[in-house]
Participant: 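First the structure, then my questions, so here it is.
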Protein chains: 2
Amino acid sequence: MARDNAQRKHRVSMLDIATAAHVSPSTASRALNGHPKVSDEARKAVLDAAEKLGYVRNLGAASLASSQSNTIGLLIRDVGNQFYGGLASHVQAETDRYGFDLLLATGGDSVESQMRAVRNLLGHGVGGIIIASGRVAAQVADYAAKFVPTVVLASGLELPSLNSVRIDPQMEAKLAHIVVDHGHRNIAVTASSDSLASALHARIANFLTELIVAGAETTIISLANDDTDIDKKIDEVLDSGATAIMAGNDSIALSVLEYLDSAGIACPGEVSVTGFDGIGPYRSSLFGLTTVEQPIDKLAHEAVKLMSRHLHDESPHTSQVLVRGRFIEGRTLGSVRGSAN
Amino acid sequence: MARDNAQRKHRVSMLDIATAAHVSPSTASRALNGHPKVSDEARKAVLDAAEKLGYVRNLGAASLASSQSNTIGLLIRDVGNQFYGGLASHVQAETDRYGFDLLLATGGDSVESQMRAVRNLLGHGVGGIIIASGRVAAQVADYAAKFVPTVVLASGLELPSLNSVRIDPQMEAKLAHIVVDHGHRNIAVTASSDSLASALHARIANFLTELIVAGAETTIISLANDDTDIDKKIDEVLDSGATAIMAGNDSIALSVLEYLDSAGIACPGEVSVTGFDGIGPYRSSLFGLTTVEQPIDKLAHEAVKLMSRHLHDESPHTSQVLVRGRFIEGRTLGSVRGSAN
DNA sequence: CTGAAAGCGCTTACAG
DNA sequence: CTGAAAGCGCTTACAG
């Protein structure tokens, strides 16, 4: 209680507690790690001493000595992004359940910064890495996989050499199909000009494939990262006769809705809009956005489960897991005038 | 390129690169750390070898040996929360600028889980800890501060013994004042029944103080964490004559707006609503929410700056930094009928 | 400018 | 069940 406050220098070490508990460092270590072959006496003495002295285990030293690690790293592109932030939150919950410690690192948009983040995680001795980002370069994932078990989560990357967990592409096809079923035959799809945006690219590709197969005419709205030009581009596709806009995600859909609102263009009266992700405020009934909900809880669950298997078993084969999403019926998708619903 | 893929066991160590570069480990270490007193020859040889061999420095071992650390830890309650997620993202950007590595840990709602997160960070040898959470127990912050420099960010905690950075409470007062200026005299304020929600508590207290001083009548809407009962509570305060509801943050404000919308109660016609935070989709013109924008970029900037000072200087005194926010005029705050605006 | 040596805090065969 | 000892990968006075 009444301790000097400038004494944050000397951290109490395992040796300190071994001494206090009158046992050897070996026994202290074993007791602290819940090793079975320790007498109850010894265990209690050690645990009490640790508690009393406020011991904090030096994880770096521990994993150095054991060349094992109980902590897994999560590389996230941007926790400021509602979807990935939510995903991270669920991954946290899952690793908790499994008893792993979680270390998050965020890697910006460049390959370089992602590499740095991975190296940072690796440097801290994580036993495995989960990469949750719509913008991973395959090269970053490959690099990580060279060192520790790696699973790529909710990204567009799906190489046979990589473990991955993502939403079933069926959902993307299904959404496209639903739009067509509403009578739309001229449909604009937003695309990203960012080469790293693999999740978006994969999604758009799935949309387009389905639309084309269904015989719809498609237009692409190419968006840069912070596109301020979106208004003009929307006007253009509208002029060219598009009756629906399928946005790559809810955030983009929201930008579209905002523009339509400001321009006095009725939605879905004049043009329908769909999103993707279905997370947080984007789900608000006030928006009424027609979208697909990505099951971030299940995605996180599968990712950690897969990681756990790789950490424990020797199963050296990689796997690609798909989880189902859910269609959210909103008010922004309407039927084309004069068509059957 | 064509390496065996099962060989992820042996990581290349500094010794490997020292050998490859024909120098001693000492020199290798110095070269890698950018130590000035190394010949250009040696430095180049080492750096080349490191690059070629794909060296990843073991940060744990490094900080173990030097008892120093260049990485700082960020404890975040929930990155799934738009505000804290965004804040984390900015903190990341700032630590990058300063050349720190960042490790994130998320601590759930309980003191216990927060403690665990802090211990985890500490165990990984971080040199300092930033706690960004609206729900920190003072005890957690105190604990962290016992070991490393600690700054509490955007929380309600503001003890003289703790470094803190938060939005100027003036902004909270100002918002309350603006509401009164719109002629409202009977105002409901949402409050949280969660004892850990210090940021919310501080905010509510500031609202109430200002409202009471301004002579308004106030009612408190007490909300549990996942309150499903919010509808009834809103009805009650409306029945009792409230003409405005000041929500503790935008997310709560959104819930209120959704209910009003579903119940067909006009906003701001029959009742005005304000939020707080002003981040991301909550800022959408489609909501038109009247709120206050927290300057997360500045908050992050000040927090990291403060941390940096504590890491480098010896300045042992703690400081409390306040940054200004910005009032966002939306459409959800209206004037009371028959009052001056 | 460079190396040999000791040590950071832990774990883990190895021998009791 | 327990301890002495060696070693994990690094850094840093200390002596050249």
Side-chain angles (χ1 to χ4, degrees), chain A residues 9-47 49-50 53-71 101 119-120 122-127 147, chain B residues 9-47 49-50 53-71 101 119-120 122-127 147:
Chain A
K9 239 61 248 255
H10 182 58
R11 255 127 112 153
V12 355
S13 73
M14 224 190 57
L15 207 149
D16 294 325
I17 86 148
T19 308
H22 303 294
V23 297
S24 71
S26 324
T27 299
S29 170
R30 287 189 269 251
L32 256 9
N33 287 314
H35 200 97
K37 300 188 167 306
V38 180
S39 69
D40 288 349
E41 279 185 284
R43 185 188 315 282
K44 186 174 185 325
V46 169
L47 263 25
L53 270 40
Y55 173 63
V56 177
R57 197 227 241 65
N58 183 326
L59 266 16
S63 80
L64 181 57
S66 69
S67 61
Q68 280 193 41
S69 167
N70 191 43
T71 112
D101 283 324
R119 226 173 273 124
N120 189 208
L122 249 19
H124 280 286
V126 299
F147 297 95
Chain B
K9 240 62 247 258
H10 181 58
R11 255 127 110 154
V12 357
S13 74
M14 223 189 58
L15 207 149
D16 294 325
I17 86 149
T19 307
H22 304 293
V23 297
S24 71
S26 324
T27 299
S29 170
R30 288 191 268 252
L32 257 8
N33 287 313
H35 200 96
K37 299 189 166 309
V38 180
S39 69
D40 288 349
E41 277 185 284
R43 185 189 314 284
K44 186 174 185 326
V46 170
L47 263 25
L53 271 38
Y55 173 64
V56 176
R57 194 223 248 66
N58 183 326
L59 266 17
S63 81
L64 180 58
S66 69
S67 61
Q68 280 194 39
S69 167
N70 191 44
T71 111
D101 283 324
R119 226 173 274 123
N120 190 209
L122 249 19
H124 280 286
V126 299
F147 297 95

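In what follows, chains carry the letters A, B, and so on, assigned in the order in which the sequence lines appear, proteins first and then strands, with residues in each chain numbered from 1.
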Participant: If you measure from the P atom in D:dA5 to the same atom in D:dC1, how many Å do you get, rounded?
Facilitator: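 Result for the P pair: 24 Å, nearest Å.
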Participant: Looking only at side-chain N and O atoms, does B:S67 come under 4.0 Å of OP1 or OP2 in C:dC8?
Facilitator: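 No, no such contact exists.
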Participant: What parts of residues 59-66 of chain B reach DNA chain C, counting only heavy atoms under 4.0 Å away?
Facilitator: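 Residues of residues 59-66 of chain B that come under 4.0 Å of DNA chain C are, in numerical order, B:L64, B:A65.
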Participant: Taking all non-hydrogen atoms of both residues, which atom of A:G127 and which atom of A:S69 are closest, and how far apart?
Facilitator: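 Answer, listing the atom of A:G127 first, then A:S69: N-OG, 3.6 Å.
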Participant: On a whole-Å scale, what distance lies between the C1' atoms belonging to C:dT12 and C:dG16?
Facilitator: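 One C1' to the other, the span is 15 Å.
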Participant: Measure the NZ-CZ distance between B:K37 and B:R30 for me, rounded to the nearest 0.5 Å.
Facilitator: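 Separation between the atoms: 11.0 Å.
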Participant: Grab the CZ-P distance between B:F147 and C:dG9 for me, whole Å please.
Facilitator: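 Atom CZ in B:F147 sits about 14 Å away from atom P in C:dG9.
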Participant: So, is A:T27 near the phosphate of D:dG3, with a side-chain N or O under 4.0 Å from OP1 or OP2?
Facilitator: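 Yes.
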Participant: Can you name the side chain to side chain donor-acceptor pair (under 3.5 Å) partners of B:R57, sequence neighbours left out?
Facilitator: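 With neighbours one apart ignored, the set is B:N33.
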Participant: Given atom CD1 of A:I17 and atom C1' of C:dT11, what is their separation to the nearest angstrom?
Facilitator: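 That distance rounds to 14 Å.
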Participant: Whole Å only: how far is the CG atom of B:D16 from the C1' atom of D:dC8?
Facilitator: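 Rounding to the nearest Å, CG of B:D16 and C1' of D:dC8 are 13 Å apart.
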Participant: Rounding to an integer number of Å, can you tell me how far B:R57 CZ sits from D:dC8 C1'?
Facilitator: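 Rounding to the nearest Å, CZ of B:R57 and C1' of D:dC8 are 16 Å apart.
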Participant: Taking NE2 from A:H22 and P from D:dC1, how many angstroms apart are they, rounded to a whole number?
Facilitator: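 Distance check: A:H22 NE2 to D:dC1 P gives 21 Å.
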Participant: In whole angstrom, give me the gap between the P atoms of C:dC10 and C:dC14.
Facilitator: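 Roughly 24 Å separates the two P atoms.
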Participant: Main chain of A:V38, side chain of A:R43: is a donor-acceptor contact present, judged purely on distance under 3.5 Å?
Facilitator: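 Yes: the side chain of A:R43 pairs with the backbone of A:V38.
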Participant: Which pair of non-hydrogen atoms, one from A:M14 and one from A:P25, has the smallest distance, and what is that distance?
Facilitator: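 Closest pair (atom of A:M14, atom of A:P25, distance): CE-O, 3.3 Å.
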Participant: Please give me the minimum heavy-atom distance between B:A42 and B:T27, naming the atom from each residue.
Facilitator: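 Answer, listing the atom of B:A42 first, then B:T27: CB-CG2, 4.1 Å.
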Participant: Let me have DNA chain C in dot-bracket notation, would you? Count Watson-Crick plus G-U wobble pairs, both distances under 3.5 Å, and use [ ] for pairs crossing earlier ones and | for inter-strand partners.
Facilitator: |||.||||||||.|||
Participant: Is A:S26 touching bases, backbone alone, or none of the nucleic acid, heavy atoms closer than 4.0 Å?
Facilitator: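 Here A:S26 touches the bases of the nucleic acid.
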Participant: How long is the line joining CG of B:L15 and P of D:dC8, in whole Å?
Facilitator: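 Roughly 9 Å, once rounded to whole Å.
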Participant: Is there side-chain contact between A:L122 and B:N58, with at least one heavy-atom pair below 4.5 Å?
Facilitator: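 Contact flag for A:L122/B:N58 side chains = no.
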Participant: Atom CG of B:L122 to atom P of C:dC10: distance rounded to whole Å?
Facilitator: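 The distance from CG of B:L122 to P of C:dC10 comes to 12 Å, rounded to the nearest Å.
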Participant: Kindly write out the residues that satisfy side chain to side chain donor-acceptor pair (under 3.5 Å) with A:T19, not counting sequence neighbours, or none if the list is empty.
Facilitator: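 In terms of side chain to side chain donor-acceptor pair (under 3.5 Å), with neighbours along the sequence ignored, A:T19 is linked to no residue.
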Participant: In Å and rounded to the nearest 0.5 Å, what is the CD1 to CG distance from B:I17 to B:L47?
Facilitator: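 Interatomic distance, B:I17 CD1 to B:L47 CG, rounded to 0.5 Å: 7.5 Å.
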Participant: Shortest non-hydrogen contact from B:V12 to B:D16?
Facilitator: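 For B:V12 and B:D16, the tightest heavy-atom pair comes out as CA-OD2, 3.3 Å.
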Participant: So which of residues 32-45 of chain B are in contact with DNA chain C, with a heavy-atom cut-off of under 4.0 Å?
Facilitator: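 Those residues whose heavy atoms fall under 4.0 Å from DNA chain C, taken from residues 32-45 of chain B in numerical order, are B:K37, B:V38, B:S39, B:A42.
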Participant: Please report the distance, rounded to the nearest Å, between NE2 in A:H124 and C1' in D:dC10.
Facilitator: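 Interatomic distance, NE2 of A:H124 to C1' of D:dC10: 14 Å.
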Participant: With respect to the phosphate group of D:dT2, does any side-chain polar atom (N or O) of A:S24 fall under 4.0 Å of OP1 or OP2?
Facilitator: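 False: A:S24 side-chain N/O out of range (4.0 Å or more) of D:dT2 OP1/OP2.
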Participant: For A:A20 and A:A49, work out which heavy atoms get closest and say how close.
Facilitator: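 It is CB-CB, 4.0 Å.
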Participant: Between A:L32 and A:A50, what is the shortest heavy-atom contact and its length?
Facilitator: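 Taking A:L32 first and A:A50 second, the nearest heavy atoms are CD1-CB, 4.2 Å.
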Participant: Measuring from A:L15:CG to A:S29:OG, what's the distance to the nearest 0.5 Å?
Facilitator: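 Here the interatomic distance stands at 11.5 Å.
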Participant: Please walk me through it: do A:T71 and B:H124 pass side chain to side chain contact (heavy atoms under 4.5 Å, CB included)?
Facilitator: CA-CA 10 Å; A:T71 112; B:H124 280 286; 3.4 Å; yes
Participant: Detail all sub-3.5 Å separations between protein N/O atoms and N/O atoms belonging to nucleotides 14-16 of chain D.
Facilitator:
none

